Trainee: 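This is the structure I want to talk about, given as structure tokens.
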Amino acid sequence: MKQDTATPQAPMLLHLRANLPIVISFACIILLLLLGSLYSENFLSPDYLIQQLKVASFLGVIATGMMLIILMGQIDLSVPWLLTTGAMMASAATAFGPAGEFLAVPFGVFCGFAMGMVSGVGVAYLRIPAMIVTLAMNVIAQGLMVAYTGGFSPSDTASSGMRYLATGNLIGGVPNAILVWIGIGALAVFVLNRTTFGRAVYAIGNRESAAFLSGAATQRLMMFGFGISGALAAFGGVLLAGYAGKAAQSMGDAYLLPSIAAVVLGGTSILGGRGNYLGTVAGVILVTLLQSILSVMQIAEFGRQIIYGLVIVTMLLLYGRERALR
Amino acid sequence: MKEWRFFAAEQRATLLALVLFLVMFIIYVSNHPAGFTPNVVQTASNKGVILAFVAMAQTLVVLTAGIDLSVGMIFILCNCVGSYVLGGTMASALGGAGLVLLTGLGCGMVNGLIVIFGRLQPIVTTIATGAIFFGLALWLRPFPGTVPDFNGDLADLFTGKLFGVVPASLVFLLAVVLVVWVPLSRSVIGRAIYAVGSSDMAAYMSGMPVKLARFTAFAVGGLLAGFGGLFLTFFTYSGEASLANGDNYTLFSIAAVVLGGVSLYGGRGSAIGAIFGALAFRTIGDLLFVFDFDPLWQPLFQGLVLALAVTFGAARLFRIRNRLEMFS
Amino acid sequence: MADGQALLRMEGISKRYGGVHALEDAHLDVHAGRVHAILGENGAGKSTLIKVMSGVVAPDQGRMYLDGREVSFANPAAANRAGIVCIFQELSLIPDLSVADNIIASNPPTRFGLIDRRAQRRLAEEALVKAGGEDIHPRARVGDLPLSRQQIVEIAKALARKPRLLILDEATSALTAADVTRVMAVLKRLRSDGMALLYISHRMHEIAELADECTVFRNGRNVESYEQGAKTDNEVVEMMIGREYRHAFPPKPPRPAEETPPALAVRNLSWTDKLSDISLEVRPGEVVGLGGLDGQGQRDLLLALFGVLRGVTGEIAIDGRPMAIDSPRQAKSADVGMALIPEDRKTEGLMLPMSVLHNLSFAALGRHARFGIIDRQAEATSVDEMIRLLAIRSNGTSIPVSALSGGNQQKVVIAKWLMLSPRIILLNDPTRGIDVGTKQEIYQLLRKLSGEGAAIILYSTDYDELIGCCDRVLVMYDGTIKTELAGDEITEHALISSALNIAPQAGAATGEAGHAPVSAASGSVA
Amino acid sequence: QPEVVAGPSNDAECYVPWSADTKFFQFEKKDGPYRVALANGYIANTWRIQMIQTAKAYAAQPEVAADLKEFKVVSTGEDVAAQISAINNFIDSGYDAIVVNAQNPQAFAPVIKRAKEAGIVLVAFDNILDTQDAINVNVDQKGLGELWAHWLDKHLPDGGKVLEVRGVAGTSVDTDRHNGIHEVFDASGKKWDVVEVVGKWDDGTAQKATADAIAVHGHFDGITAQGGDTGVVQAMIDAKHPFVPFGGETENGFRKFCAAHAAEGLLCSSAGTGPAQVAVAIKTAIDALKGNVVPQSVKLPLAIVEDPDFKDGENFYSAESDNFFVGNSFPTCGINFTAQEIMSQDKADK
Ligand SMILES: Nc1ncnc2c1ncn2[C@@H]1O[C@H](COP(=O)(O)OP(=O)(O)OP(=O)(O)O)[C@@H](O)[C@H]1O
Ligand SMILES: Nc1ncnc2c1ncn2[C@@H]1O[C@H](COP(=O)(O)OP(=O)(O)OP(=O)(O)O)[C@@H](O)[C@H]1O
Ligand SMILES: [Mg+2]
Ligand SMILES: [Mg+2]
């Protein structure tokens, strides 16, 4: 694993074992593209690949938050509606003149952060299982958005800044969305590997009581973890709203299970404490590509679901297996 | 300690779930325009029993410290299968019901086999198999429908009232509890299910049938989800491959299990508790009916009640004097 | 050596973990009606050997014969069926099941296919009686029992399987002296009933009392087997550690003067009904022991000082300044400078799957970080330094800490706190499951730290340790400090009598307290 | 128990029977004011929110309010069992009429039976019930598909490659529209190469699916999408795909695009029925309770706007949100809400 590089004597074998998921998922990505190219050569065209990376970056941003939570041994089921909240709040802010336009993105992200923090309080301080806290938070966020839309008829057009962030091109043909993901990804790698916060995330995921007795502020960190995950989900929503030009109620539905699948396919242990961001990158690209290729190949919906499931199981069987008890 | 104290300690979570449900149900019924009538109870119990089955299914897997994110999809698949095979004469429809249950059992067995021999985490395995099960459901029922000769009499038998008072669905649920849950929980495998969830290493070291226990939990879980799907078919006379519904029932079942006092960390709780959890969860939805909320605020109200109900479980926190106990 | 066919014979057993040879060409003969002790320092391969024997671990090479026939066990259940039952170093109890369920875990009596709980309960009660646990209710949840009671349940569970060969891997390490005596009596009776026993312990006097035959392991290999009594303790220890061995305890320096201001002063500390009205002072350079029977509030006291417990009343002053310590985080802060070596390293001390490096540096991470960013060079340097200082045996720092042997894991726990150079060190039974060589190193380390001005509180279940290490001992009883012993007053006799809260002159209490008589030779060792 | 009678209905202009052999119902006249309930399923999308707002606004109109003692709305989510139970509860609580947007058209047979026994008027709209025993206020979904296909047929004289963005798989609405499209294509005798992707009636999903399809297939000669149309156009713009004839729904955002890019070749047919159909359903229920004759199956007119008829402020609103559905009035039924009236009613209250 990356964070082990400080010790040069680390056995190669361990590295290989830890990196196996990443190697295999990248191999699968290439395999998928090759299979796709049998159907149409355009699957290998730069246009298509850039387009996939752009779409993947939305999932990438969201999966970053999910990975943080999973590393802590928790799970965040509130992604769909925190994402929507971020998108809708950012769009709503746009209606308030230039200041609103300027603050749209931070405001949307902040809303996600705040709601994530509430989940965090439930999980870290009230010790309610994350699965149920975030489920409830998802319902609450949905309720808030329904009441808000119905009651206030907010603006839901994305600001020009949001559009630029998601669809503009700062550098040549590289969409900004990809740059945003690279930025967030780099930050995530840095935080996870090089900061005390990152180290504590792994420690909490491995054994929270030991981390607590070692004097880590486990509860506060966990609460913030949920805050960050909420913020990233909301940021993903902001980007999606920018991409689509507007926020819509149902925009988050398609992101919960794929974000978990991406993280896990990337080799992060669902039990927490083990995982590498590069793996998540691979997982995100893989999931996006798989969905896209199946969609373009016009496989019937039922067939897509089945293939999607089979691919995940097969990949996990290749490298996601736990050690036998003996 | 006296014997009964041990009994109370063992059953505390289940009893709490019962209390939670009763409190909510009393609030509901006492505000219901029709009051406490057999019809109102029948309606509530039909709706509750469907989720109760799925929640029981979830409980078995959760007891092994796993989670089954495909229960909802098994449930949907069984519903779709049911919409094909519950037609014709009483006998053939009953045979069809058996087929529905076998479908559920089969799905559960697939989950179990992958988890055990693939050594994969249940949560990710079932995300994947859930997609597969849903794909199959969609293949069977590209759009909602039913067999032309659907046996509504059989369906009404299970969703109607016995002697005009007792909801048949409740009686049937009780029968399933007695025939499936009670023997299982008192068998060697059942105890191994608890043991695996509590500490799988220790269970293995103790020579308990660890793999069989996991397998059984998934398989019987699938069977129970099949009962849920069967009941949904009885209730709706039809099948529908609804993705949203599958996901919802999965999530609802988790909520029900938590409300029912089953520990998501495994090893603690009972399917009986989960049943009360499911009924309580359903009552949250029913409360909308008796309180006059602006329709646009209803979803928020539901979310808040759910949050409140689960915060209930946090009450034990205030008794904790040693912070290390928080982590277990 | 005993004659006749060995009940169990192992030949040429090897097991590697990555680059580590946990076992290399190991062999062993176990005979019915005898107690065979296995000795060896931490990481010598003892646990691995018995894991092979009981079907938990598959050996890379080697053969096993039961009654002369070759066998291999696919899993613990298979070994159990063959009559080999093991009490593992890590408890194998299921916390959420009842005592009875645990004792009759593998094949309970059934009626109509269902567990016959009445019959099971009877069997469990019998087993509990045999193991000396009459006080344990068969219906109690195991997770609710204290560690020492769980050990008894573990023994009862093993006995309920009617083993031919019973293996105890440090099964007594969590027991109090009184319990140990009872267990010893049980084991002796089993031996006379013709059972074969394999006994692993780091407590030399227990081995001296119980064993018929001993085998010493070092680095995964047999060093020597001998009849108990054929070697002096010093010879044994030297075989184990492979070098010369002198004194267990370093000399005590003169105690700091009475007027030295205390580093830690506690006034009238109380907590629920577990601790009441505790006052104590520890000066820099002083090692203060906590004595008493197990479970008299010693652990709670340490946790209370470290800010883990809620609702603690009373005053705590650090260097004369009153402090309200309400979290471990605050306890380790520069203002307080406290460290706690916790009791259970698996759940409280270590993040087992994480690397040795990350475990070692975790508590002191703040030291190697600026604005939350870790200086990995500095981190690696001080980790290496600690590994050297405590002589931690580890195949690199990037392997998971779970791959270390128990003793080395314990050293990691201690080392990670020493990296903070704490001024007040609380130790909760730090030498449990640790070999004599390592123990000695830890004692010396404690002395060195106190010599450098640290104030130390040491709780130990081992009286010798209190006698050998401490300047003063506070004996606790029922949540309060009953007696304070200082200097030469710290004798075994005094410790025991005050632990039982009886007048010191009641000399007969020694026997009743059941502390195993310390043989002349072992007194100097363990 | 309604009596099956001969038509026509009392308001023949509004209540257009579905087909020539549609039955007419006459319920026993009840004295008002009535207790009417709306059993909604899913709520969390703009269409449904708009629908509920419309229902409330309609019920609050003085002449309607005079007939209503109580108007209760419950949204039970996607779970069809919960919706069935809600209707059962309304039945048991003695409501006079129940209006329902069904989660699943097949699932209500038992409820319909109970409602019939209890003499309660059951009116379904949007997602209607597959029955002859309840009143359906119907959108011709298949006709909608046919309309779009005809539009493409008209503008593509040689046939060609068409992108079909479908809705949520497994729903009858999606299937009906899809069948409508393909029947027309097949009947046209031209060569059509239809590429199907799934947009799930969601702009984001539709946009992504379209972008992928364009990246792989390069060029399409025509597009039809059922919902998510704004996203589809957005994807075309992002991919610099030339504008082509398009048959789609009635989202405001879509119409904005249609108006703006018509000159560049985005020739649209925008058709559908807005959420105001709930008002028609309520009106039908009240009429039935009054003992008036109503058809068992009411055919709603489609609100169709086709190029070059897009007019800002009239059939789309450039200053308003993209998300709402225009075409929210049924003049023949005297229902004349404009969409932004509905969506901003609370804002005005505050
Ligand atoms: N699962 C494992 N993976 C890697 N290495 C292991 C594993 N288990 C044991 N080892 C290594 O094998 C060696 C022997 O360990 P073992 O646990 O048998 O020692 P032990 O004699 O029981 O020590 P202790 O007295 O500390 O319990 C040690 O070096 C240990 O690090
Ligand atoms: N979980 C348990 N662990 C240990 N002993 C138990 C447990 N449950 C029950 N017992 C004991 O086993 C005996 C039989 O219990 P069991 O519950 O089967 O009796 P019962 O008469 O069938 O009672 P019930 O039907 O109320 O459970 C009793 O002595 C009881 O105290
Ligand atoms: Mg050992
Ligand atoms: Mg042991």
Side-chain angles (χ1 to χ4, degrees), chain B residues 32-35 37-40 42-51 79-80 83 134 137-138 141-146 150 152 155-156 159-160 231-249 252 282 285-286 288-290 292-296 298-299 302, chain D residues 35 37-44 48-49 51-53 55-56 70-95 102-114 118 127 130 168-176 178 200 346:
Chain B
H32 197 291
T37 63
N39 272 352
V40 169
Q42 179 197 5
T43 299
S45 87
N46 280 345
K47 181 168 82 155
V49 163
I50 296 175
L51 181 61
N79 169 233
C80 291
S83 69
F134 178 68
L138 201 54
R141 279 268 169 239
F143 37 87
T146 187
F150 185 86
D156 292 350
T159 55
F231 244 84
L232 181 64
T233 324
F234 283 153
F235 198 43
T236 62
Y237 287 17
S238 68
E240 182 194 14
S242 156
L243 182 69
N245 237 356
D247 284 341
N248 277 343
Y249 269 86
F252 292 172
R282 284 306 209 179
D286 284 337
L288 295 181
F289 185 82
V290 296
D292 224 355
F293 281 106
D294 184 301
L296 291 172
Q298 287 174 2
Q302 270 182 302
Chain D
R35 295 173 68 203
L38 168 57
N40 178 43
Y42 189 59
I43 183 168
R48 295 292 175 116
I49 293 172
M51 180 272 284
I52 288 185
Q53 298 285 62
K56 279 181 3 192
E70 186 188 341
F71 180 65
K72 189 170 181 86
V73 184
V74 169
S75 299
T76 44
E78 281 134 326
D79 180 10
V80 69
Q83 195 179 26
I84 293 174
S85 300
I87 296 176
N88 276 332
N89 270 324
F90 283 129
I91 295 173
D92 289 332
S93 307
Y95 281 79
Q103 277 305 121
N104 163 355
Q106 296 283 335
F108 286 73
V111 190
I112 296 166
K113 211 158 52 179
R114 268 187 85 176
N127 293 290
D130 189 16
V168 173
T171 59
S172 52
V173 172
D174 172 64
T175 318
D176 288 347
H178 172 77
K200 300 192 174 171
D346 282 37

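Model, not experiment: these values are computed from the prediction. Just so it is clear: chains get the letters A, B, ... in the order the sequence lines come, proteins before strands, and each one is counted from 1.
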Trainee: Do the non-hydrogen side-chain atoms of B/Phe231 and B/Thr159 ever get within less than 4.5 Å of each other?
Mentor: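 The answer is yes; the side chains approach within 4.5 Å.
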Trainee: Sort D/Tyr42 into side chain, backbone, both or neither according to what part of it lies under 4.5 angstrom from a heavy atom of chain B.
Mentor: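 No part of D/Tyr42 comes within 4.5 Å of chain B.
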Trainee: Between B/His32 and D/Asn89, do the side chains contain an N or O donor and an N or O acceptor separated by less than 3.5 Å?
Mentor: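 Yes.
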Trainee: In terms of heavy-atom proximity below 4.5 Å to chain D, should B/Leu232 be classed as side chain, backbone, both, or neither?
Mentor: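 Just its side chain gets close to chain D.
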Trainee: Which bit of D/Thr175 is near chain B, if near means a heavy-atom gap under 4.5 Å: side chain, backbone, both or neither?
Mentor: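 Contact with chain B is through the side chain of D/Thr175 alone.
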Trainee: What is the distance from atom OH of B/Tyr237 to atom CG of D/Asn104, rounded to the nearest 0.5 Å?
Mentor: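 Atom-to-atom, B/Tyr237:OH and D/Asn104:CG are 14.5 Å apart.
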Trainee: Please round to the nearest 0.5 Å and tell me the distance separating atom OG1 of D/Thr76 and atom CD1 of D/Ile87.
Mentor: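 The CD1 atom of D/Ile87 is 8.0 Å from OG1 of D/Thr76, to the nearest 0.5 Å.
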Trainee: With sequence neighbours excluded, what pairs up with D/Asp79 under the side chain to side chain donor-acceptor pair (under 3.5 Å) test?
Mentor: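 With sequence neighbours excluded, D/Asp79 shows a side chain to side chain donor-acceptor pair (under 3.5 Å) to B/Tyr249, B/Arg282, given in chain and number order.
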Trainee: Answer with side chain, backbone, both or neither: which region of B/Asn39 has an atom nearer than 4.5 Å to a non-hydrogen atom of chain D?
Mentor: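 Both the backbone and the side chain of B/Asn39 come within 4.5 Å of chain D.
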Trainee: With a 4.5 Å limit on heavy-atom distance, are the side chains of B/Thr43 and D/Asp92 in contact?
Mentor: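 Yes; the side chains approach each other to less than 4.5 Å.
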Trainee: Can any side-chain N or O of B/Arg141 pair as donor or acceptor with the backbone N or O of B/Ser83 at less than 3.5 Å?
Mentor: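 Yes; judged by distance alone, with no hydrogens or angles, the pair exists.
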Trainee: Give, as side chain, backbone, both or neither, the part of B/Pro144 having an atom under 4.5 angstrom from any heavy atom of chain D.
Mentor: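 Contact with chain D involves both backbone and side-chain atoms of B/Pro144.
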Trainee: Checking heavy atoms, do the side chain of D/Ala82, its backbone, both or neither come under 4.5 Å from chain B?
Mentor: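 Both backbone and side chain.
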Trainee: Which answer fits D/Arg48, side chain, backbone, both or neither, if we ask what part of it has an atom under 4.5 Å from a heavy atom of chain B?
Mentor: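 Neither part.
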Trainee: With respect to chain B, which residue among D/Ala55, D/Ala86, D/Ser85 yields the maximal number of heavy-atom pairs within a distance under 4.5 Å?
Mentor: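 The option with the most such pairs is D/Ser85.
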Trainee: So which of D/Gly94, D/Pro105, D/Ala81 has the largest heavy-atom pair count under 4.5 angstrom toward chain B?
Mentor: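 Maximum pair count with chain B is reached by D/Ala81.
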Trainee: Which residue out of B/Ala155, B/Ala137, B/Ala244 racks up the most heavy-atom pairs below 4.5 Å with chain D?
Mentor: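 Heavy-atom pairs under 4.5 Å are most numerous for B/Ala244.
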Trainee: Taking ring pair (Phe, Tyr, Trp, His ring centres under 6.0 Å) as the definition, give me every residue that meets it alongside D/Phe108, ordered by chain and number, with sequence neighbours left out.
Mentor: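 Ring pair (Phe, Tyr, Trp, His ring centres under 6.0 Å) check on D/Phe108 returns nothing, list empty.
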Trainee: Taking side chain as everything from C-beta outward and backbone as N, CA, C, O, which of these in B/Thr146 sits under 4.5 Å from a heavy atom of chain D? Side chain, backbone, both or neither.
Mentor: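 Both parts, heavy atoms under 4.5 Å.
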Trainee: Check whether B/Asp156 gets within reach of chain D through its side chain, its backbone, both or neither, counting any heavy atom under 4.5 Å.
Mentor: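 For B/Asp156, the contact with chain D is made by the side chain alone.
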